[in-house]
There are 2 protein chains.
Amino acid sequence: MSDHRAETRGASRPPLLDQVLVGDALSALGRIAPGSVDVAFADPPYNLQLSDALYRPNQTKVDGVSAEWDRFADFAAYDQFTRAWLAGVRRALKPNGTLWVIGSYHNIFRVGTAMQDEGFWILNDVVWVKTNPMPNFRGRRFTNAHETLIWAVADASRTDYTFNYKSLKAFNDDLQHRSDWLLPICTGQERLRGDDGVKAHPTQKPEALLNRILLASSKPGDVVLDPFFGTGTTGAVARRLGRHFVGIERDPAYAELAQRRIARIVPHEDLDQVGAEGKPKRIPFGLLVEAGRVAPGDELVGGRNGPRARVRVDGSIRSGDYEGSIHKVGAAVRNLSSCNGWTYWHVEADTGLVPLDVLRTELRRELRL
Amino acid sequence: MSDHRAETRGASRPPLLDQVLVGDALSALGRIAPGSVDVAFADPPYNLQLSDALYRPNQTKVDGVSAEWDRFADFAAYDQFTRAWLAGVRRALKPNGTLWVIGSYHNIFRVGTAMQDEGFWILNDVVWVKTNPMPNFRGRRFTNAHETLIWAVADASRTDYTFNYKSLKAFNDDLQHRSDWLLPICTGQERLRGDDGVKAHPTQKPEALLNRILLASSKPGDVVLDPFFGTGTTGAVARRLGRHFVGIERDPAYAELAQRRIARIVPHEDLDQVGAEGKPKRIPFGLLVEAGRVAPGDELVGGRNGPRARVRVDGSIRSGDYEGSIHKVGAAVRNLSSCNGWTYWHVEADTGLVPLDVLRTELRRELRL
DNA sequence: CGATTATCTGAATCTAAAG
DNA sequence: CCTTTAGATTCAGATAATC
């Protein structure tokens, strides 16, 4: 993480790591060093606009969200609030940092519009499909069985945001991970409750959701910001996964609860994910020739019964009239615009055809690159 | 349907039923009698903003949407276009009429915001989860595997919109219908093609999607409006379900194609029939880790006295020098080309070795999948 | 002819590093 | 900034081709 400073947009202030800042999101965001955050997760007020109490068919009252923090005069007020905190988060993020926001149909369209207007570049929307949503008691609509997440990078021109593609592919049994995530809501032991057994926070998110978000879009040691910290699910998961967190929460009681909760978390010992070693150093084909893994004059084969090529002293190859790099010649003989020569060309061994890529991997291991 | 007139807001003009109006949406909407429409479905341009060509790993070119009708100067231009057609649709709708709009993350947030601003009252957002989405070829994002629908009533004060709750509950094996719909994209015989075998329209929607929409939110004899008619999927399904349609399409060739398509439709005699639902959902190994059934750091055993592996945070495992999914590593340690990690790897319990497959079955049962 | 294998395609904001 | 080059990257389902 030594390159954090190089990525900052402005002056660096002392980082407020692994703490909960008590205060409203807007002013607290101003205390965070610009360009210091790798990933942000925000679970803002949903602006639910509930009017009357809702009762189940058995006449018990549904304990909905009716807190003061979820009341806005109108859409314009909600938009203004949204744009303000989005701007603050964007300032705190590194240019290649990403933001996740979760919401429902009550607010997510306004949030998404504001994100685009503020300059965020959307990478995906993700739907959290709930295995156990609350039913629709009145039977007047579809069961609201999902919530929407928006994932966006702070600066549209940056393509070097963190996305642990291989890790998520391994997670998903070797199929690339999709935008629909099936997860249960937060219940049972995981749900924080007061001494009276009543849920401590009305909208506590499941740790599994944050777990997947941070596995996908952050690295160990990264700084994770949550401007609506609540009871600290983001901090708990960040700590368990070896990431730093910065939480902002206006309710001191929630902040206190979150701190205690996070203190109990035992971080995982092994934080390795697939491909966590970082990008291996590039090994040019010439190095294989130089190291004697392939000798000048050796013949390469383009797959079973494919075209053949001859290795030359400088690591170029020739096949018929074509000469050049393994990639260029591979593309030429197949009449394609490009080609990965490492996987296309093979050498003949006793055991059969061996791709150059295998020889490269062996050399890389021996040279510890 | 004798109460149509009583529900109209303005003067009644002769209805333009079961026709395609050729022209741009804005002016054609003005020709529709105000307050005459029961349900509208809109599939507006998504404003995809594609720049360069995209190639698959096998170097074939992806046939993306590059039509002129999907090009807008900026978000402001798109917003203006959106607000204009939304106002026109709202005028055409009965006060208790509802509007469905489909979109992707490129445009749906802007559309949702505009709908709320224009006075529509959102009833649900619905996610169309695709069984067979196009993959993400470069591995830089999550597979974009869903699209979003917004369902809203024209007048927020009206609660007498059509929602066939019992019908949909029967459709869904006596469970109330949820907001996540699993459906394949439109391919095969259903996809309209020219004589050259090339798809007639780049964004044809599956009839199953419209079928569910009209089953849910309309009655036989209702008037269904589609301001972006394309090749007439809405009209085809409306006719089959005994509803009237009004289509608007600016491209005469599409309009002609749609008319011919709809003419071939044979309306159902029994309007209550429903289709079958999909297969059980796959549970990836990562979900077991996420759910706490297996913890990072736990040891897996490959059968009695077999090799051992260590579970990691992202659902990958490591055994010796090998890392990857349970299947990949299982294959590697056994020197096979493939392996079913679910039956090969076990966890040690008091009662002996338990295959991962058993844990998966338990989780599936609890999540009711 | 049936079974197996190869090919094609779908609303896509789809690279990274070196020079 | 731009240009060039290396080389990494796909899932489900329908259809066509081959055995």
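Naming: A, B, ... by sequence-line order, numbering from 1 per chain. Note: hydrogens, waters and symmetry copies are ignored here, and every other heavy atom, side chains too, is used.
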* **Per-pair stack call B/Phe137 and C/dC14, 5.5 Å, 30°** =>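 Ring-base stacking flag not set for B/Phe137 and C/dC14.
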* **Shortest non-hydrogen contact from A/Leu86 toward A/Ala114** =>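 Answer, listing the atom of A/Leu86 first, then A/Ala114: CD1-CB, 3.6 Å.
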Under 4.0 Å, counting only non-hydrogen atoms across every strand here, what does [X] touch: a base, just sugar-phosphate, or nothing?
| X | answer |
| --- | --- |
| B/Lys205 | base |
| B/Asn144 | sugar-phosphate |
| B/Pro206 | nothing |
| A/Leu123 | nothing |
| A/Leu175 | sugar-phosphate |
| B/Thr203 | base |
| B/Trp69 | base |
| A/Pro284 | nothing |
| A/Ser338 | base |
| B/Gly188 | sugar-phosphate |

* Assigned glycosidic conformation for C/dT13 [threshold 90° from 0] ->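 Syn for C/dT13; the angle stays within 90° of 0.
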* Asked: A/Ile326 or A/Lys169: which one's nearest nucleotide on DNA chain D is closer to the 5' end?
  ->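 Result: A/Ile326.
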* To do: Assign each of B/Arg138 and B/Thr131 to its nearest nucleotide of DNA chain D by heavy atoms, then name whichever residue's nucleotide is nearer the 5' end.
  =>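 Looking at DNA chain D, the more 5' nearest nucleotide goes with B/Arg138.
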* To do: Please work out whether the ring planes of A/Phe285 and A/Trp342 are parallel, tilted or perpendicular, with thresholds of 30° and 60°.
  =>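 If you compare the ring of A/Phe285 with that of A/Trp342, the planes turn out perpendicular.
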* For nucleotides D/dA8 and C/dA11, find the distance between their P atoms and express it as a whole number of Å. =>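 Nearest-Å result for D/dA8 against C/dA11 at atom P: 30 Å.
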* Expressed as a whole number of Å, how far does the C1' atom of D/dT10 sit from that of C/dT7? ->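 These two C1' atoms come out 14 Å apart once rounded.
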For [N], does either OP1 or OP2 sit under 4.0 Å from a side-chain N or O belonging to [X]?
| X | N | value |
| --- | --- | --- |
| A/Thr159 | C/dA16 | yes |
| B/Arg191 | D/dA14 | no |
| B/Lys199 | C/dG10 | yes |
| A/Lys166 | D/dA8 | no |
| B/Tyr55 | D/dG7 | no |

* Under 3.5 Å donor-acceptor pair, A/Arg360 side-chain atoms to D/dG7 base atoms ->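 Counting by modelled atom types and ignoring angles, no donor-acceptor contact under 3.5 Å is found here.
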* Donor-acceptor pair (no angle test) under 3.5 Å: B/Arg141 side chain, C/dT13 base ->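 Checked by distance alone, the answer is yes.
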* Asked: Under 3.5 Å, is there a donor-acceptor pair linking the side chains of B/Thr187 and B/Arg191?
  ->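 No, no side-chain donor-acceptor pair sits under 3.5 Å.
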* Quick one: which of C/dA12, D/dT15, C/dA11 gets closest to the side chain of B/Leu50? ->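 Comparing C/dA12, D/dT15, C/dA11 against the side chain of B/Leu50, the answer is C/dA12.
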* Asked: Taking the nucleotide of DNA chain C with the closest heavy atom to each, which residue, B/Ile185 or B/His106, is nearer the 5' end?
  ->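 Nearer the 5' end of the strand: B/Ile185.
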* To do: Working to the nearest 0.5 Å, report the span between CD of B/Glu249 and CD of B/Glu256.
  =>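 If we round to the nearest 0.5 Å, B/Glu249:CD and B/Glu256:CD are 12.0 Å apart.
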